[in-house]
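Working notes, structure below.
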Amino acid sequence: MRRVAVLGATGSIGASALDVVSRHPDRLSATVLAAGRNVDALVELCMRHRPEHAVIADPRLHGALRDGLASAGLATQAHAGMAAIDALAAGDACDTVVAAIVGAAGLDSTLAAARAGKRIALANKESLVLAGALVMRAAREAGAEIVPVDSEHNAIFQCLPPRDGRAERETRGLRRLVLTASGGPFRGRSRASLADVTPAQAVAHPKWSMGPKISVDSATLMNKGLEVIEAHHLFGVPPSAIDVLVHPQSLVHSLVEFVDGSTLAQLGLPDMRTALAVGLGWPDRLESGVGGLDLVAQGGRLDFEAPDLDAFPCLRLAFDALRAGGAAPGVLNAANEVAVEAFLAGRIGFLDIAAVVAGTLDALAGLDAHDLEALRDADRRARADAGRRLERAG
Ligand code: NAD
Ligand code: MG
């Protein structure tokens, strides 16, 4: 029996993970559920999945969670605070962690799970963008198995052979990774026409149903930029061997090209439960609730085009940050989180997101990244710098 901690249980990925878990009561059990602030939603999930532990990140909500669990008649233990999430991710209550907290807030629990040698179904790409080298090293040293559940990286994971029978992938003979991107809701639009788009338009993704932050990232193509950095760390591939291709149908989830000219791809309906089933079941295949792919019913065609870096400069900024190295990817990520939050709150315009990130990257070039403390410091400084830029943009 796999004992699964779902961190970010009340989110979009959390829901998909719990759907897959509930299909396999004989082999999967949700033993830990963690969420940010939504106590009611967390208690409801506890009623359905009866975990041993529930954690709310906001410490002020400890009492509310305890009372909610008690009045539902549940034996689930209530915990609060980020440190409690990290401790449960590392502790005996689980052997598998679905890392689905949104943003840099997911780093500590991902790292705790890696250091404790857990199977990690990794959705939280920001932890790799911020501290990819540290997370991957910790996983290697502790024997943790990272199975990416970001759909593109999950596709690549499925296309590359295992190394020593483990989750780590073999990249000998690899020439190039090609990450596919849907293009988001604004594909085909000019830069000038994007000045007045609203948060509601930006989160209305044509193919995937996702949380608000990643939906905005998909609209700016920053999501693909973060994924390029994620792929670099997961598979140890240099930026020059990672390409991005816009594929509006979102059926080909990525491609892997080998030196002999072969290209392998993974296809499927755009439903995150497939990737989560791989993350939870690998090397076994699990029923996920996702139907097969009927290419004729899907319109009978697969289209591809190059990304428009003029309309969507965030993708270029992410490549720049990856090539610059050091703390630059973390600075990019932090500035982006601040800018996206301000955009969702209606404080800045859509084009200001890229402008804020570019400004912060310029201002904080060359910051050190030799250890976790240096990375955290760069993250803090980038948030402060981006915050000051918002005042000017808004
Ligand atoms: P979401 O906004 O729907 O859910 C986020 C979850 O994180 C919620 O449960 C929330 O309570 C929790 N959370 C927020 N702040 C927290 C904190 N400080 N401590 C603990 N928990 C906290 O987001 P999502 O779309 O599910 O995305 C989650 C992660 O998965 C992101 O990193 C995203 O990039 C990645 N991802 C999502 C998808 C998708 O299809 N939704 C696809 C690929 C990758
Ligand atoms: Mg993705």
Side-chain angles (χ1 to χ4, degrees), residues 5-19 32-45 54-61 65 79-86 88-89 97-110 112 120-130 148-157 179-184 203 205 207-218 221-231 234 244 247 250 252-254 266 269-276 278-279 290 333 336-337 340-341 344:
V6 181
L7 312 183
T10 55
S12 167
I13 291 287
S16 294
L18 288 169
D19 184 278
V32 178
L33 298 183
R37 320 185 63 148
N38 192 337
V39 170
D40 292 346
L42 182 57
V43 170
E44 206 165 293
L45 290 176
V55 208
I56 198 82
D58 185 338
R60 293 166 301 185
L61 298 172
L65 177 62
H79 309 260
M82 297 300 284
I85 298 181
D86 303 346
L88 282 160
V97 173
V98 177
I101 292 174
V102 60
L107 172 61
D108 287 358
S109 48
T110 302
I120 305 174
L122 182 65
N124 177 254
K125 63 192 82 184
E126 294 92 342
S127 57
L128 287 184
V129 172
L130 182 53
V149 302
D150 206 348
S151 56
E152 298 76 5
H153 309 74
N154 190 263
I156 293 166
F157 177 90
L179 301 179
T180 52
S182 70
V203 301
H205 198 277
K207 292 290 174 189
W208 295 94
S209 154
M210 309 181 287
K213 193 260 175 181
I214 183 176
S215 296
V216 175
D217 286 346
S218 298
L221 287 200
M222 181 59 94
N223 183 50
K224 211 49 53 180
L226 299 177
E227 290 182 356
V228 167
I229 301 171
E230 181 186 12
L234 282 169
V244 171
H247 165 49
S250 296
V252 177
H253 297 306
S254 277
Q266 184 261 350
L269 293 172
D271 186 322
M272 290 305 292
R273 291 178 300 176
T274 298
L276 282 152
V278 173
V290 181
N333 177 63
N336 181 59
E337 284 189 31
V340 169
E341 198 178 312
L344 283 168

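In each ligand, atom 1 is the first atom listed, and ligand 1 is the first ligand listed. Because the structure is predicted, anything quoted here is derived from the model rather than measured.
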Between ligand 1 and [X], is the shortest N or O to N or O distance under 3.5 Å?
X      : answer
Gly11  : yes
Thr10  : yes
Ser151 : no
Gly8   : yes
Met272 : no
Arg37  : no

- prompt: With respect to Glu126, which candidate in Val102, Ile101, Leu107 satisfies the side chain to side chain contact (heavy atoms under 4.5 Å, CB included) definition?
  reply: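 Testing Glu126 for a side chain to side chain contact (heavy atoms under 4.5 Å, CB included) against Val102, Ile101, Leu107 leaves exactly one candidate, Val102.
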Measure the shortest side-chain to side-chain distance between [X] and [Y] over non-hydrogen atoms and say whether it is less than 4.5 angstrom.
X      : Y      : value
Trp208 : Ser218 : no
Leu122 : Ser127 : yes
Leu128 : Ile229 : no
Glu152 : Lys224 : yes
Ser182 : His205 : yes
Leu344 : Val203 : yes

Protein contact to [atom] [nearest heavy atom, distance to 0.1 Å]:
atom                    : value
atom 3 (O) of ligand 1  : Ser12 N, 2.9 Å
atom 35 (C) of ligand 1 : Ala123 O, 3.1 Å
atom 5 (C) of ligand 1  : Val102 CG1, 3.7 Å
atom 11 (O) of ligand 1 : Gly36 N, 2.8 Å
atom 43 (C) of ligand 1 : Asp150 OD1, 3.1 Å
atom 23 (O) of ligand 1 : Gly211 CA, 4.0 Å
atom 34 (O) of ligand 1 : Lys125 CE, 3.2 Å
atom 15 (N) of ligand 1 : Ile101 CG2, 4.2 Å

With a cut-off of 4.0 Å, which atoms of ligand 1 are near a heavy atom of [X]?
X      : answer
Ile85  : 20 (C)
Met82  : 17 (C), 18 (N), 19 (N)
Ile13  : 26 (O), 30 (O), 37 (C), 38 (C), 39 (C), 40 (O), 41 (N), 42 (C)
Ala9   : 9 (O)
Ala57  : 17 (C), 19 (N), 20 (C)
Asn124 : 32 (O)

- prompt: Nearest heavy-atom pair of Gly36 and Ile56: which atoms, and what distance?
  reply: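 Distance-wise, the nearest heavy atoms are O-CG1, 3.5 Å.
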What distance do [X] atom [atom1] and [Y] atom [atom2] have between them, rounded to the nearest 0.5 Å?
X      : Y      : atom1 : atom2 : answer
Arg273 : Asp19  : CZ    : CG    : 4.5 Å
His153 : Ile156 : NE2   : CD1   : 5.5 Å
Asp58  : Leu65  : CG    : CG    : 11.0 Å
Met222 : Lys213 : CE    : NZ    : 8.0 Å
Asn124 : Ser109 : CG    : OG    : 7.0 Å
Leu221 : Glu227 : CG    : CD    : 10.0 Å

query: Is there a donor-acceptor pair under 3.5 Å between the side chain of Ser16 and the backbone N or O of Met272?
result: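 It does not hold such a pair.
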message: To 10 degrees, how wide is the angle OE1 (Glu152) to the Mg ion (ligand 2) to OD1 (Asp150)?
response: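 Angle OE1(Glu152)-the Mg ion (ligand 2)-OD1(Asp150): 100°, rounded to 10°.
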task: Examine ligand 1 and decide if any of its atoms is less than 4.0 Å from a heavy atom belonging to Ala34.
output: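 Under 4.0 Å: no for Ala34.
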- prompt: Among the N, O or S atoms that Glu227 has, which is closest to the Mg ion (ligand 2)?
  reply: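 In Glu227, the heteroatom (N, O or S) nearest the Mg ion (ligand 2) is OE2.
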field: Among Ile214, Val6, Val98, Leu226, closest by any non-hydrogen atom to atom 33 (C) of ligand 1
entry: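 That would be Ile214.
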Ala105 and ligand 1 - part of the residue with a heavy-atom distance under 4.0 Å: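 The side chain, only.
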- prompt: Using a heavy-atom cut-off of under 4.0 Å, does the side chain or the backbone of Glu126 touch ligand 1, or both, or neither?
  reply: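 Glu126 to ligand 1: side-chain contact only, backbone stays beyond 4.0 Å.
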